[in-house]
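Here the structure is laid out as structure tokens; the discussion comes afterwards.
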Amino acid sequence: MTSLDRPVLRTAYQRSVADYWDKEKDPVNLRLGEIDGLFHHHYGIGDFDPAVLEAPGETRDDAIIAEMHRLETAQADVLLDHLGPISPGDRLLDAGCGRGGTSVMAHQRFGCRVDGVSISRQQVEFANAQAARLGVDGHVTYHERNMLDTGFETGAFAGIWNNESTMYVDLTELFAEHARQLAPGGRYVTITGCYNDVTGGRSRAVSQIDQHYICNIHARGDYFKALAANGFVPINVVDLTAATIPYWELRARSSVATGIEDPFLTAYREGSFHYLLIAADRV
């Protein structure tokens, strides 16, 4: 059977992840996207404007929300910066696309076709509806597919990224599928949280993050082992840990805080958790 003949959800764990995201209606994801129609499922980078904390009471929370959205959009811009030269005739894949914000930004920047995949039917339906509202549905399409076995053609993509979605899958399986789908010389980029294997296993704070999102955060070194095993050569590695801490500090003071802010801040500050960008070429 081809990948599209087989079920999208192939394990009990995948079914639990899909169920989690099908039911998720967290304001930290939805309210921020309402600002400009770009709905993200990742965190932010860069210093925030401290003036938002001094805004009048009736406008203060809206100012904080807008600033958080600016920081998460800045994160997506940094990821797209590392895809290299992309032409309008190229095709890109957003693996683990969430509600699709980064895919839309990629099309707006490069003018190319973008496909997104998620195992959450709710996310895919939402993202396709939003692409239609933004008038990009002829160029950006979301699919309910498993990113470990998408069914897309071999060598179809000039670039692929995972934006905070690798912690739900086996890295060796994921990078094998990405290597198959990328054209020779194609670029892969990920931004991800990973635990610091120099200091040992998962810290208590990292374990709390795993439990909150029902994910399985990988060790930093596992990324480079799995990339090398599948013919990828890293060309840029950027530690974004210090750059993401302000986002979490601001989020902790917002109305959309979820309670996971303290474990993130603790893990980043103690050095047990890193926020990393990796760009690698398929050879």
Side-chain angles (χ1 to χ4, degrees), residues 9-29 32 40-45 68 71-72 75 79 95-99 118-120 123 146-148 161-175 190-227 229 237-254 256-278:
L9 305 175
R10 298 168 193 173
T11 67
Y13 174 66
Q14 290 175 3
R15 287 190 288 274
S16 69
V17 171
D19 183 64
Y20 174 89
W21 289 111
D22 280 342
K23 294 177 179 176
E24 183 268 338
K25 300 288 190 296
D26 201 322
V28 77
N29 293 318
L32 276 65
H40 297 298
H41 279 270
H42 59 257
Y43 310 127
I45 58 173
M68 287 174 59
L71 297 180
E72 65 177 2
Q75 187 262 30
L79 186 152
C97 60
R99 289 187 173 95
S118 172
I119 61 173
S120 165
Q123 286 186 341
N146 192 315
M147 64 179 167
L148 296 179
W161 70 84
N162 287 93
N163 199 352
E164 296 183 15
S165 54
T166 53
M167 63 285 299
Y168 287 103
V169 295
D170 179 88
L171 293 178
T172 300
E173 290 183 60
L174 177 68
F175 296 155
T190 185
I191 296 181
T192 187
C194 49
Y195 74 82
N196 184 357
D197 38 2
V198 172
T199 58
R202 291 175 181 80
S203 66
R204 179 173 182 269
V206 169
S207 295
Q208 288 174 313
I209 296 167
D210 267 345
Q211 184 176 12
H212 183 86
Y213 291 109
I214 59 166
C215 62
N216 182 30
I217 292 167
H218 301 291
R220 182 181 58 185
D222 290 345
Y223 282 87
F224 300 100
K225 293 174 187 174
L227 286 167
V237 179
V238 184
D239 187 346
L240 297 171
T241 306
T244 197
I245 287 175
Y247 164 87
W248 287 99
E249 291 173 335
L250 183 62
R251 175 168 156 168
R253 302 178 70 171
S254 75
V256 294
T258 63
I260 198 61
E261 292 78 16
D262 282 346
F264 269 94
L265 286 167
T266 296
Y268 285 140
R269 288 168 176 163
E270 73 186 7
S272 67
F273 193 45
H274 293 163
Y275 196 51
L276 210 63
L277 179 149
I278 305 170

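Values in this document were obtained by computation on a predicted structure and should not be read as measured data.
- With sequence neighbours left out, the ring pair (Phe, Tyr, Trp, His ring centres under 6.0 Å) criterion links Tyr223 to His218.
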Requested in this report: Go through the steps for Asp19 and Lys23 under the test salt bridge (Lys or Arg N to Asp or Glu O under 4.0 Å), then give the verdict.
Outcome: CA-CA 6 Å; Asp19 183 64; Lys23 294 177 179 176; 3.3 Å; yes
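- Heavy atoms of other residues, nucleotides or ligands lying less than 6.0 angstrom from CZ of Arg15 number more than 12.
- Among residues two or more places apart in sequence or in another chain, the salt bridge (charged side-chain N to carboxylate O under 4.0 Å, His left out) test is passed with Asp262 by none.
- Looking at residues two or more places apart in sequence or on another chain, you find a side-chain contact (heavy atoms from CB on, under 4.5 Å) between Ala226 and Leu171, Thr172, Phe175.
- To the nearest 0.5 Å, the span separating SG on Cys215 from OH on Tyr20 amounts to 9.0 Å.
- Counting only heavy atoms from C-beta outward, the side chains of Leu9 and Ile119 approach each other to under 4.5 Å.
- Taking the side-chain contact (heavy atoms from CB on, under 4.5 Å) definition, one finds that Thr199 meets it with Asn196, sequence neighbours left out.
- In summary, the side chains of Glu72 and His40 do not present any donor paired with an acceptor at a separation below 3.5 Å, with no hydrogens or angles considered.
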Query raised in the report: Checking side chain to side chain contact (heavy atoms under 4.5 Å, CB included) for the pair Asp170/Leu148: CA distance, chi angles, key distance, verdict?
Result: CA-CA 9 Å; Asp170 179 88; Leu148 296 179; 5.6 Å; no
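- When every heavy atom of Tyr275 is checked against every heavy atom of Gly193, the shortest pair comes out as CD1-N, 4.2 Å.
- Here the closest non-hydrogen pair linking Pro263 and Gly259 is CD-O, 3.8 Å.
- To the nearest 0.5 Å, the span separating OH on Tyr195 from OG on Ser272 amounts to 11.0 Å.
- Of all heavy-atom pairs spanning Gly96 and Met147, the tightest one is N-SD, 3.8 Å.
- Neither side chain, Gln123 nor Asp22, offers a donor N or O lying under 3.5 Å from an acceptor on the other.
- Of all heavy-atom pairs between Ala252 and Ala257, the closest is O-CB, 4.2 Å.
- Thr190 is linked by a side-chain contact (heavy atoms from CB on, under 4.5 Å) to Asn162, Thr166, Tyr188, Thr192, Ile278, counting only residues two or more places apart in sequence or in another chain.
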Report task. List the steps and the verdict of side chain to side chain contact (heavy atoms under 4.5 Å, CB included) for Tyr43 and Asn163. Result -> CA-CA 9 Å; Tyr43 310 127; Asn163 199 352; over 6 Å; no
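- Asp197 places a side-chain N or O within donor-acceptor distance of the main-chain N or O of Gly221, the cut-off being under 3.5 Å.
- Phe273 is linked by a ring pair (Phe, Tyr, Trp, His ring centres under 6.0 Å) to Phe264, Tyr268, counting only residues two or more places apart in sequence or in another chain.
- Considering only residues two or more places apart in sequence or on other chains, Glu173 meets the salt bridge (charged side-chain N to carboxylate O under 4.0 Å, His left out) condition with none of them.
- The shortest non-hydrogen separation linking Val256 to Pro27 is CG1-CB, 3.9 Å.
- Contacts of Arg269 classified as salt bridge (charged side-chain N to carboxylate O under 4.0 Å, His left out), with partners at least two apart in sequence or in another chain: Glu249.
- Between atom CG of residue Asp210 and atom CE of residue Met167 there is a gap of 9.0 Å, rounded to the nearest 0.5 Å.
- Taking CD1 of Ile45 as the start and CG of Leu240 as the end, the distance is 5.0 Å to the nearest 0.5 Å.
- With sequence neighbours excluded, the residues forming a side-chain contact (heavy atoms from CB on, under 4.5 Å) with Ser207 are Arg202, listed by chain and number.
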Requested in this report: For Thr11 and Gln14, run side chain to side chain contact (heavy atoms under 4.5 Å, CB included): C-alpha distance rounded to whole Å, both residues' side-chain angles, the deciding distance at 0.1 Å, then the answer.
Outcome: CA-CA 5 Å; Thr11 67; Gln14 290 175 3; 3.2 Å; yes
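- Ile191 CD1 to Ser165 OG: the interatomic distance, rounded to the nearest 0.5 Å, is 11.0 Å.
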Report task. Determine, step by step, whether Val238 and Leu276 satisfy the side chain to side chain contact (heavy atoms under 4.5 Å, CB included) criterion, reporting the C-alpha distance in whole Å, the side-chain angles of both residues, the deciding distance to 0.1 Å, and the verdict. Result -> CA-CA 6 Å; Val238 184; Leu276 210 63; over 6 Å; no
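- For His41, the ring pair (Phe, Tyr, Trp, His ring centres under 6.0 Å) partners at least two apart in sequence or on another chain are Trp21.
- Distance CD1/Ile214 to OG/Ser16: 4.5 Å, rounded to 0.5 Å.
- Taking the ring pair (Phe, Tyr, Trp, His ring centres under 6.0 Å) definition, one finds that His274 meets it with nothing, sequence neighbours left out.
- Taking Glu261 as the reference, Arg251 meet the salt bridge (charged side-chain N to carboxylate O under 4.0 Å, His left out) condition, with sequence neighbours excluded.
- When all heavy atoms of Gly44 and Gln75 are compared, the closest pair comes out as CA-CB, 4.2 Å.
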